*Asks:* 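Once you've had a glance at the structure underneath, I'll fire off some questions.
From a predicted model like this one, the values you see are computed outputs, not experimental measurements.
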Amino acid sequence: MIEMVVYIIVVVLVMVWCYIKWQNRHFEKLAAKMQGPTAYPIIGTGYTFFDSSEQVTSKIIDLVKEYNLLPIKLWLGPYFAVTICKPEDLQLPWGILFLETTMGYNLDTQSNKKDREFGEAIVIKKKKDEFDQRKKAISAKVDLTGNKDENQSKIFLDMLFELNNNVGNFSDSDIRDEVVTMMIAGSETSAITICFCHLMLAIDQDIQDKVYNEIYDIFGDSDETITMEDTTRLVYLEQVLKEILRMYPAAPLLLREIQGDLKIFSNNYILPKGTTCVIPILATHYSPDLYPNPWSFNPENFSPENIAKRHKYSFIAFSGGPRGCIGSKYAMFSMKVTVSTFLRHFSVHTDIKLADIKLKIDLLMRSVHGYPVTIRPRMRTPIK
């Protein structure tokens, strides 16, 4: 009896193995031509990244540098992936790739899962009830006055509930995911970039002085509110922010799944449909072929002259193509407003050096040791 059970298990395993090999035959044909770390059964090349979040970042960069930015094959268990780093290759996938995930998110989904889901359900139900009450109050007001304010501002949740009532069929889980996405993509990424910006300006006082002088040239010592037109004049500050995003992109890794066969520039490889493209933004941004001395903080990398020398996809902090970040312009505008308003009143200082900054990846990329700066009131006069 035992021998029969073992025999059946072996037969099933062999059949599963044969099925996987058949399904992956196109991937394996391409993998045979490509370079990359050794893959082992079951785990593939996943062992390469079995380490702390602090080490994963450097491992990604070291792995890509080892192969000189050329495409690398990766087996993530039975799933085939290829790294794409060169701008010439990056310009091809954006249009025909389906966005699989940026980094994913994990809001403590394993611990206290039932309690968390119960709490989320209560919050969403409460917000739905508040929305219904506001809608009834507005309807009553319209009945009494005959006027309806079409320009009345709505919060994001209200817009989701209204869309759901009109044309959608969202579950509470769907609504929660949309809110989480907006919170993370719309605020957390900008907050991290601003923190890195203040830290880097504290490290390099000359660049901070240059940013402040540009701000002072526009506003002087006044407290006037910054306008959209003012932000367009903050040219050097924009260069600084883009350099921060080059060195410390909030989402340093993109995963995209190909929806059709794709021929890339490097070695004329043809990536089969279903291939996962791993786009390590850090590797592209730290390429010495694109940015001289890539490990140094140099806002001049984004002067009009230097931008003109580089490929369009040399800078992909906001992703690219039709599925690029829809909030990139707003993000730059909001960061300019925040940083310029802060620097009009305060200066930042620190004792740490650029080499002391260590990075880690959890949901987004952050500084391991935080952003230690000292804030001092500023003498609002131009710096000579």
Side-chain angles (χ1 to χ4, degrees), residues 27 29-37 45 48-49 56-76 80-103 242-243 245-296 298 301-302 305-325 328 359 361 365:
F27 301 140
K29 183 178 179 181
L30 174 62
K33 304 176 184 177
M34 299 183 70
Q35 54 188 353
T45 53
T48 309
F49 307 105
V56 168
T57 308
S58 58
K59 282 191 172 186
I60 292 172
I61 297 176
D62 291 343
L63 183 64
V64 177
K65 284 170 61 178
E66 179 183 348
Y67 295 98
N68 195 30
L69 297 186
L70 290 172
I72 303 171
K73 63 180 178 182
L74 298 172
W75 285 100
L76 309 175
F80 181 64
V82 175
T83 62
I84 301 289
C85 303
K86 288 191 172 183
E88 294 82 3
D89 294 330
L90 288 169
Q91 70 179 344
L92 299 173
W94 302 117
I96 66 169
L97 294 185
F98 171 75
L99 181 58
E100 180 81 1
T101 177
T102 300
M103 284 295 290
K242 286 183 176 179
E243 177 69 352
L245 288 166
R246 179 191 72 82
M247 298 182 71
Y248 309 111
L253 191 68
L254 298 175
L255 303 181
R256 293 180 179 247
E257 183 180 296
I258 295 179
Q259 296 299 289
D261 291 354
L262 173 67
K263 184 176 182 180
I264 61 175
F265 178 81
S266 295
N267 296 335
N268 289 322
Y269 289 134
I270 298 178
L271 308 183
K273 175 183 178 181
T275 301
T276 297
C277 282
V278 180
I279 304 174
I281 296 176
L282 279 176
T284 302
H285 284 186
Y286 281 94
S287 168
D289 294 334
L290 302 174
Y291 300 95
N293 301 315
W295 297 98
S296 64
N298 179 21
N301 280 325
F302 291 92
E305 297 79 14
N306 286 326
I307 290 176
K309 297 176 185 177
R310 292 192 302 267
H311 193 284
K312 176 182 178 181
Y313 288 107
S314 298
F315 177 70
I316 49 174
F318 294 109
S319 187
R323 293 184 178 273
C325 175
S328 58
L359 303 174
I361 299 177
M365 191 169 74

*Asks:* What class does the angle between the rings of Phe80 and Trp75 fall in, given that below 30° is parallel, 30 to 60° is tilted and above 60° is perpendicular?
*Replies:*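 Ring orientation, 0 to 90° scale: tilted.
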
*Asks:* Can you tell me how far the SG atom of Cys85 sits from the CD1 atom of Ile316, to the nearest 0.5 Å?
*Replies:* 8.5 Å

*Asks:* Any idea which heavy atoms bring Pro280 and Leu253 closest together, and the distance?
*Replies:* CA-CD1, 3.7 Å

*Asks:* Rounded to the nearest 0.5 Å, how far does CG of Leu290 lie from CZ of Arg310?
*Replies:*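 These two atoms lie 7.5 Å from each other.
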
*Asks:* Side chains of Phe265 and Pro87: does their closest heavy-atom pair fall under 4.5 Å?
*Replies:*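 Result no, sub-4.5 Å side-chain heavy-atom pair not found.
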
*Asks:* On a heavy-atom basis, which atom in Ile281 and which in Ala251 lie closest, and how many Å separate them?
*Replies:* CD1-O, 3.2 Å

*Asks:* Between Phe318 and Phe315, what is the ring plane arrangement, given parallel below 30°, perpendicular above 60°, and tilted in between?
*Replies:* perpendicular

*Asks:* Say whether, by atom type as modelled, one donor and one acceptor occur between the side chain of Ser287 and the main chain of Thr284 under 3.5 angstrom.
*Replies:*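 Checking the backbone N and O of Thr284 against the side chain of Ser287, no donor-acceptor pair under 3.5 Å is found.
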
*Asks:* Between Asn301 and Asn298, is there a donor-acceptor pair closer than 3.5 Å when you use the side chain of the first and the backbone of the second?
*Replies:*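 Yes; at least one donor-acceptor contact below 3.5 Å.
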
*Asks:* For a quick test of reading the model, state the closest non-hydrogen atom pair linking Thr83 to Leu70 and the distance between them.
*Replies:*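 In this case the closest contact between Thr83 and Leu70 is OG1-O, 4.0 Å.
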
*Asks:* Counting only heavy atoms not in Asn293, do more than 12 fall under 6.0 Å of its CG?
*Replies:*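 Result for CG/Asn293: open.
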
*Asks:* If you measure from CD on Gln259 to OG1 on Thr275, what distance do you get to the nearest 0.5 Å?
*Replies:* 11.0 Å

*Asks:* Would a 4.5 Å heavy-atom cut-off, applied to side chains only, mark Ser314 and Leu90 as touching?
*Replies:* no

*Asks:* Does Asp289 have any side-chain hydrogen bond (donor to acceptor under 3.5 Å, both in side chains) partners at least two apart in sequence or in another chain, and if so, which?
*Replies:*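 Not a single residue meets the side-chain hydrogen bond (donor to acceptor under 3.5 Å, both in side chains) criterion with Asp289.
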
*Asks:* To the nearest 0.5 Å, what is the distance between NZ (Lys73) and CD (Gln35)?
*Replies:*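 Answer rounded to 0.5 Å: 9.0 Å.
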
*Asks:* Looking only at heavy atoms, which two atoms of His285 and Leu245 are closest? And how far apart?
*Replies:*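 Heavy atoms only, the tightest pair is ND1-O, 3.6 Å.
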
*Asks:* Can you check whether Pro272's main-chain N or O pairs, donor with acceptor, with Asp261's side chain at less than 3.5 Å?
*Replies:* no

*Asks:* Indicate yes or no: at least one non-hydrogen side-chain atom of Leu359 is less than 4.5 angstrom from one of Ile361.
*Replies:* no

*Asks:* Give a yes or no answer on whether the side chain of Asp89 reaches the backbone of Ser266 with a donor-acceptor pair at less than 3.5 Å.
*Replies:*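 Looks like yes, one N/O pair under 3.5 Å.
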
*Asks:* If every non-hydrogen atom of Lys263 is compared with every non-hydrogen atom of Asn268, which pair is closest and at what distance?
*Replies:*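 Smallest interatomic distance, heavy atoms only, reads CE-OD1, 3.5 Å.
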
*Asks:* Can the positive tip of Arg246 be found less than 6.0 Å from the middle of the six-membered ring of Tyr291, inside 45° of the ring normal?
*Replies:* yes

*Asks:* For the pair Tyr313 (side chain) and Glu88 (backbone), establish whether a donor and an acceptor sit closer than 3.5 Å, ignoring hydrogens and angles.
*Replies:*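 Such a contact is absent between Tyr313 side chain and Glu88 backbone.
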
*Asks:* Tell me every residue that passes salt bridge (charged side-chain N to carboxylate O under 4.0 Å, His left out) with Lys242, counting only those two or more places apart in sequence or in another chain.
*Replies:* Glu238

*Asks:* Applying side-chain hydrogen bond (donor to acceptor under 3.5 Å, both in side chains), can you list everything that pairs with Asn68, at least two apart in sequence or on another chain?
*Replies:* none

*Asks:* What is the minimum heavy-atom distance between Lys33 and Lys29, and which atoms define it?
*Replies:*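 Nearest heavy atoms, Lys33 then Lys29: CG-O, 3.8 Å.
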
*Asks:* Atom CG in Leu74, atom OG1 in Thr45: separation rounded to 0.5 Å?
*Replies:* 4.5 Å

*Asks:* Tell me, with the steps shown, if Met247 and Trp295 meet side-chain contact (heavy atoms from CB on, under 4.5 Å).
*Replies:* CA-CA 8 Å; Met247 298 182 71; Trp295 297 98; 6.0 Å; no

*Asks:* List the steps, then state whether side-chain contact (heavy atoms from CB on, under 4.5 Å) holds for Met365 with Leu282.
*Replies:* CA-CA 10 Å; Met365 191 169 74; Leu282 279 176; 3.7 Å; yes

*Asks:* Rounded to the nearest 0.5 Å, how far apart are CG of Asn267 and CE of Met34?
*Replies:* 8.0 Å

